[in-house]
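Each remark here refers to the structure printed beneath this line.
Start at 1 with the first residue, then count along the sequence.
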Amino acid sequence: MSKTYNIDMNQISSTHARQKWAETVEAARREPVTVTDHGRETVTIMDADLSRRALQALEDAEDARAADEARKATLAGAPTVALEDLARELGIELD
């Protein structure tokens, strides 16, 4: 079962994060914590599992966008290559 996170991140100053590091890390395990420096957001600390899943979701979205663009290009008349021809050119045997 996946954990639910509050996307309205807590913000703390970098000074507070340094002074209360253990508390900052503990809070970041529950929900992302954005650290500010002179009022500007600089970094976000979050649970490692959430970070991995977020990065994977971004990669998946980029892959889906690239595949959609390739499909649109093919539909727009871009040249295509048959799988058999590509495999032959690359020296791959298809079953």
Side-chain angles (χ1 to χ4, degrees):
M1 178 193 279
S2 66
K3 202 172 180 181
T4 302
Y5 294 92
N6 177 5
I7 59 171
D8 297 323
M9 295 178 242
N10 290 327
Q11 287 191 353
I12 61 170
S13 70
S14 57
T15 300
H16 180 81
R18 278 191 305 274
Q19 291 172 347
K20 304 285 187 172
W21 182 246
E23 291 175 20
T24 300
V25 170
E26 195 56 40
R29 285 189 176 117
R30 291 188 300 276
E31 64 184 358
V33 175
T34 298
V35 179
T36 61
D37 191 19
H38 301 288
R40 292 181 330 195
E41 295 179 344
T42 56
V43 297
T44 298
I45 304 168
M46 67 179 74
D47 179 77
D49 181 56
L50 175 61
S51 171
R52 280 189 291 277
R53 290 189 295 127
L55 288 173
Q56 185 62 57
L58 284 172
E59 288 178 15
D60 292 349
E62 288 175 359
D63 290 347
R65 183 179 39 76
D68 189 47
E69 287 175 7
R71 183 187 57 78
K72 286 178 184 175
T74 299
L75 294 175
T80 59
V81 177
L83 176 61
E84 293 78 13
D85 295 339
L86 180 61
R88 187 173 32 262
E89 184 176 325
L90 295 174
I92 300 172
E93 289 188 29
L94 298 175
D95 294 330

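Under a cut-off of 6.0 angstrom, the local environment of CD in E89 is sparse, with at most 12 non-hydrogen atoms contributed by other residues, nucleotides or ligands.
In terms of the side-chain contact (heavy atoms from CB on, under 4.5 Å) criterion, residue partners of A27 (sequence neighbours excluded) are, by chain and number, R30, V33. For R88, the salt bridge (charged side-chain N to carboxylate O under 4.0 Å, His left out) partners are D85, not counting sequence neighbours. Not counting sequence neighbours, E23 has no partner by the salt bridge (charged side-chain N to carboxylate O under 4.0 Å, His left out) test. Under the rule for a salt bridge (charged side-chain N to carboxylate O under 4.0 Å, His left out), E84 has no partner lying at least two apart in sequence or in another chain. Residues passing the side-chain contact (heavy atoms from CB on, under 4.5 Å) test with D60 are Q56, sequence neighbours excluded. Under the side-chain hydrogen bond (donor to acceptor under 3.5 Å, both in side chains) criterion, R52 pairs with no residue, sequence neighbours left out. With sequence neighbours excluded, no residue satisfies side-chain contact (heavy atoms from CB on, under 4.5 Å) with D63. Listed by chain and residue number, I92, L94 satisfy the side-chain contact (heavy atoms from CB on, under 4.5 Å) test with A87 (two or more places apart in sequence, or in another chain).
Closest heavy-atom contact between P32 and T44: CB-CG2, 3.8 Å. Considering all non-hydrogen atoms of both residues, I12 and A17 come closest at CD1-CB, 3.6 Å. Taking all atoms of both residues into account, the shortest heavy-atom contact from Q11 to T36 is OE1-CG2, 3.8 Å.
Under a hydrophobic-cluster definition in which Ile, Leu, Val, Met, Phe, Trp and Tyr are linked whenever side-chain heavy atoms come within less than 4.5 Å, directly or via other members, L83 and L90 are assigned to different clusters. By the rule that hydrophobic residues join a cluster once side-chain heavy atoms approach within less than 4.5 Å of another member, L55 and I45 end up as members of separate clusters.
From T24, atom OG1 reaches atom NE2 of H16 across 5.0 Å, with rounding to the nearest 0.5 Å.
For residues 70-83, every residue pair satisfying the salt bridge (charged side-chain N to carboxylate O under 4.0 Å, His left out) rule, not counting sequence neighbours, is listed here: D68-R71, D68-K72. Under the salt bridge (charged side-chain N to carboxylate O under 4.0 Å, His left out) criterion, no residue pair touches residues 34-46, with sequence neighbours excluded.
Side-chain atoms of S51 do not come within 3.5 Å of backbone N or O of M46 as any donor-acceptor pair.
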